[in-house]
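Atom set for the values below is all heavy atoms of this structure, side chains included, hydrogens, waters and symmetry mates excluded. In the text below, chain A, chain B and the rest are named by the order of the sequence lines, each starting its count at 1.
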Amino acid sequence: MKIKEVADKLKITQRAIRFYEDKGLIAPSKQDDNQYRIFDEEDIWRLQTIVALRESGMSINDIKTALSDIKANGSSPLRYLLELQRSVMFSKWIEMKQIIETTDQMIETLKNDHELPLDDIYTLAEGSRRLREQREWEDKWGFDQLASVHDQLVQEDSRKYKNYDEALEHIVKLVSSIAGEKGLDIGTGTGNLAGRLSAKGVMMAGVDQSREMLLACQRKFPEMETKLGNFLALPYLDGKFDFVVSSFALHHLTSYQIPLALQEMQRVLKPHGRICIADLMMNENQISSNENDEDYIHLSKLIALFESNGYITKQMRINEMLYVVLAVPIR
DNA sequence: CTTCTCACA
DNA sequence: TGTGAGGA
């Protein structure tokens with residue numbers, strides 16, 4: 001196939017095709033005599049995925065790594081690609097939701113005051129700046145690399161993962177799941193928490209932002225469903241789960257993102273769905289005295305957030321820093 | 001019809 | 001992240 005045919009078929013310009021070649025996304029062979037590009041099935045497939053991913057807002061560079069990952073993996077590239085695409089689209093969607101919200105706020109303010117106070121303009125600008133930052137958190141911690149050693153780490157790292165197993169057991173106890181329920185584990189990692197619930201007869205789904213972690217998880221718990229995603233972009237439709245759990249993951253969010261995460265959890269939960277979270281948190285006494293590199297969750301703020309959203313909470317302290325919080329909606 | 005490069009947003 | 005022009 002020559003370039004015009006391909007361009008017509010995929011509804012893109014010939015220029016764009018050459019541009020993608022220039023960026024190293026495709027490498028069609030050239031005809032010997034006249035140097036014309038010839039596109040085979042493989043090239044067309046790659047181009048198709050490029051335009052699809054481009055449409056969902058993925059950068060050229062990200063597409064490049066995604067494509068090479070697919071090639072290296074081989075196992076089920078199509079499914080991986082579709083999930084990747086969906087998770088990107090969900091991220092976009094969440095972003096749009098936030099933009100709509102801030103816009104609504106502006107409209108409200110204008111309606112009441114007939115002008116935007118300087119403070120508001122500042123916070124709005126701050127908000128959209130944070131909005132952009134969110135996108136950069138994808139592999140900030142290099143969990144893809146950590147996947148293979150993760151399970152030893154949680155047993156050995158006595159500082160960060162102290163009482164790891166106890167915390168997971170407490171979650172299992174607190175959610176008191178019923179066989180046949182559907183549960184979601186956010187930041188599931190290699191599935192240590194979800195696996196325990198799965199053993200109780202719950203249909204567990206696990207979300208993580210690291211593909212390597214999910215692969216390890218699937219090896220350990222083949223019955224589990226795993227998807228790429230994160231707290232702010234859960235790859236599920238509304239009202240799918242009876243409960244959401246999470247362990248040692250929420251602290252990766254900034255305090256600004258936590259309310260957004262709650263909204264997102266509520267979205268995928270059924271009307272009376274409950275939430276149970278274990279993580280390192282700080283109580284009042286520790287807040288000023290502890291200045292660590294990790295942005296710790298403030299226990300009181302988290303409780304207040306749940307309560308202002310109509311939840312009754314129950315908390316358990318496992319050790320100095322580790323808490324398990326259960327939130328059940330009122331009525 | 002294709003190639004490439006230069007400039008431009 | 002692409003596009004348009006223009007020569008070969």
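Distance A/D33 CG to B/dT2 C1': 11 Å, rounded to the nearest Å. For A/D22 and C/dT3, the CG to P distance is 13 Å, given to the nearest whole Å. Nucleotide B/dC1 holds its C1' atom 16 Å from the CE atom of A/M1, rounded to whole Å.
Listed by chain and number, the residues in a salt bridge (Lys or Arg N to Asp or Glu O under 4.0 Å) with A/D279 amount to none (sequence neighbours excluded). Residues satisfying the salt bridge (Lys or Arg N to Asp or Glu O under 4.0 Å) criterion with A/E21, sequence neighbours excluded, are A/R37. A/K111 pairs by the salt bridge (Lys or Arg N to Asp or Glu O under 4.0 Å) definition with A/E108, not counting sequence neighbours. Under the rule for a salt bridge (Lys or Arg N to Asp or Glu O under 4.0 Å), A/R46 has no partner lying at least two apart in sequence or in another chain. When the side chain to side chain contact (heavy atoms under 4.5 Å, CB included) test is applied to A/K173, no partner is found at least two apart in sequence or on another chain. Scored by the side chain to side chain contact (heavy atoms under 4.5 Å, CB included) test, A/S29 finds A/I38 as partners (sequence neighbours excluded). A/F248 meets the ring-ring contact (aromatic ring centres under 6.0 Å, His included) test with A/Y161, A/Y164; sequence neighbours excluded.
Residues A/K182 and A/D242 are not paired through a salt bridge, judged by the lack of any N-O separation under 4.0 Å between the basic side chain and the carboxylate. The residues A/D185 and A/R196 are annotated as not salt-bridged, no charged nitrogen and carboxylate oxygen being separated by less than 4.0 angstrom. Using a cutoff of 4.0 Å between basic side-chain nitrogens and carboxylate oxygens, A/D8 and A/K4 are scored as salt-bridged.
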In the 5'-to-3' direction, what one-character label does each nucleotide of nucleotides 3-9 of chain B receive under the scheme B = base within less than 4.0 Å of a protein heavy atom, S = sugar-phosphate only, - = no such atom? BSBB---

Can you give the donor-acceptor pairs under 3.5 Å from side chains of residues 308-328 of chain A to other protein atoms, not counting sequence neighbours?
residue: A/S308; atom: OG; partner: A/A304; partner atom: O; Å: 3.2
residue: A/S308; atom: OG; partner: A/L305; partner atom: O; Å: 3.0
residue: A/N309; atom: ND2; partner: A/L305; partner atom: O; Å: 2.8
residue: A/Y311; atom: OH; partner: A/Q266; partner atom: NE2; Å: 3.2
residue: A/T313; atom: OG1; partner: A/E307; partner atom: OE2; Å: 3.4
residue: A/R317; atom: NE; partner: A/N319; partner atom: O; Å: 3.4
residue: A/R317; atom: NE; partner: A/Y323; partner atom: OH; Å: 3.1
residue: A/R317; atom: NH2; partner: A/E320; partner atom: O; Å: 3.0
residue: A/N319; atom: OD1; partner: A/M321; partner atom: N; Å: 3.0
residue: A/N319; atom: OD1; partner: A/L322; partner atom: N; Å: 2.9
residue: A/N319; atom: ND2; partner: A/N163; partner atom: OD1; Å: 2.5
residue: A/Y323; atom: OH; partner: A/N283; partner atom: ND2; Å: 3.2

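Under a hydrophobic clustering in which Ile, Leu, Val, Met, Phe, Trp and Tyr are joined whenever their side-chain heavy atoms come within less than 4.5 Å, directly or via other members, A/I178 and A/L174 fall into different clusters.
Of the residues in residues 5-13 of chain A, not one places a heavy atom less than 4.0 Å from an atom of DNA chain B.
Comparing atom distances between the A/S59 side chain and each of C/dG2, B/dT2, C/dT1 picks out C/dT1 as nearest.
In terms of phosphate contacts, A/Y20 brings a side-chain nitrogen or oxygen within less than 4.0 Å of OP1 or OP2 of C/dG2.
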Given pairs defined as Watson-Crick or G-U wobble with both distances under 3.5 Å, what dot-bracket annotation applies to DNA chain C, with ( ) intrastrand, [ ] crossing, | other strand and . unpaired? ||||||.|

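Judged by distance alone, with hydrogens and angles left aside, the side-chain atoms of A/E5 form a donor-acceptor pair with the main-chain N or O of A/K2 at under 3.5 Å.
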Atom pairs under 3.5 Å: protein N/O with N/O of nucleotides 6-8 of chain C:
none

